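Here the structure is laid out as C-alpha cells; the discussion comes afterwards.
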Amino acid sequence: MTADDSYGRLDDDDFPAYTMGRAAEMLGATQAFLRAIGEARLITPLRSAGGHRRYSRYQLRIAARARELVDHGTPIEAACRIVILEDQLEEAQRINAEHHRGAGPANPTAAA
C-alpha cells in the first residue's frame, strides 16, 4: 500500500484504523467493554496481521450508542440487542423509502 492509498482511506468509515486502546480512549470506555460488545456480537473488529483488534469509525459509532445505553443502566446484552434492532429498523426504513421513490403513483390506471 502506498501513502496515497493510505490517505484515501482516511475518509472510509469502514477502514479499521483504530487500535483497541485508542478506540476505548475515544469512547471513554474500557477495553473490557469493547471485548464484551464483541462477545455479544454487536461489532466484530478486524484483526491486524499480529492478531490485534482494529476498529472502524462506523464500529465506534455503534459502540458509542451501546455505551450510552449502558451508562443509563441498560444491561450490556440488552444494549447490544437494542442497537442491533435500531440498525435493522434504520435499514428497513431506508429500503422502504427507496421503494416508494421508485414505485411512483399507486395504480395510475385506476384514476381513469
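Computed from a predicted model, the values in this text were never measured in an experiment.
- Listed here is the closest heavy atom pair of Ala66 and Ala79: O-CB, 4.0 Å.
- Summarising the geometry, atom CD1 belonging to Ile82 is positioned 7.5 Å from atom CZ belonging to Arg65; distances are rounded to the nearest 0.5 Å.
- One finds the CE atom of Met26 at 4.5 Å from the OH atom of Tyr18 (value rounded to the nearest 0.5 Å).
- Side-chain atoms of Arg94 and Glu90, non-hydrogen and from C-beta on, never get closer than 4.5 Å to each other.
- One distance of note links CE of Met20 with NE2 of His52; it measures 11.0 Å at 0.5 Å rounding.
- The nearest pair of heavy atoms linking Glu25 to Arg22 is OE2-NH1, 2.8 Å.
- The closest donor-acceptor contact from the side chain of Thr74 to the backbone of Leu69 lies under 3.5 Å.
- Note that CG of Leu27 is 7.5 Å distant from CZ of Arg67, once rounded to the nearest 0.5 Å.
- Annotation for Leu34 and Ala23: closest pair CD1-CB, 3.8 Å, computed over non-hydrogen atoms.
- For the atom pair CD1 (Ile76) and CD (Glu39), the distance works out to 9.0 Å, reported to the nearest 0.5 Å.
- By the rule that hydrophobic residues join a cluster once side-chain heavy atoms approach within less than 4.5 Å of another member, Ile62 and Leu46 end up as members of separate clusters.
- Nearest approach of Tyr55 to Pro45, heavy atoms of both residues: CE2-CB, 3.5 Å.
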Note to self: What verdict does the side-chain contact (heavy atoms from CB on, under 4.5 Å) test give for Arg47 and Arg53, after you've listed the backbone C-alpha separation in whole Å, the side-chain angles of each residue and the deciding distance to 0.1 Å?
What the structure shows: CA-CA 5 Å; Arg47 297 283 182 151; Arg53 291 174 178 90; 3.5 Å; yes
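- At least one donor-acceptor pair under 3.5 Å links the side chain of Gln59 to the backbone N or O of Thr44.
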Note to self: Let's go through Arg61 and Asp13 carefully: what are the C-alpha distance in whole Å and the side-chain angles of both, what is the deciding distance for salt bridge (charged side-chain N to carboxylate O under 4.0 Å, His left out) to 0.1 Å, and is it a yes or a no?
What the structure shows: CA-CA 10 Å; Arg61 282 194 300 273; Asp13 268 0; 2.7 Å; yes
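- Here the straight-line distance linking atom CD1 of Ile43 with atom CG of Leu60 works out to 7.0 Å at 0.5 Å rounding.
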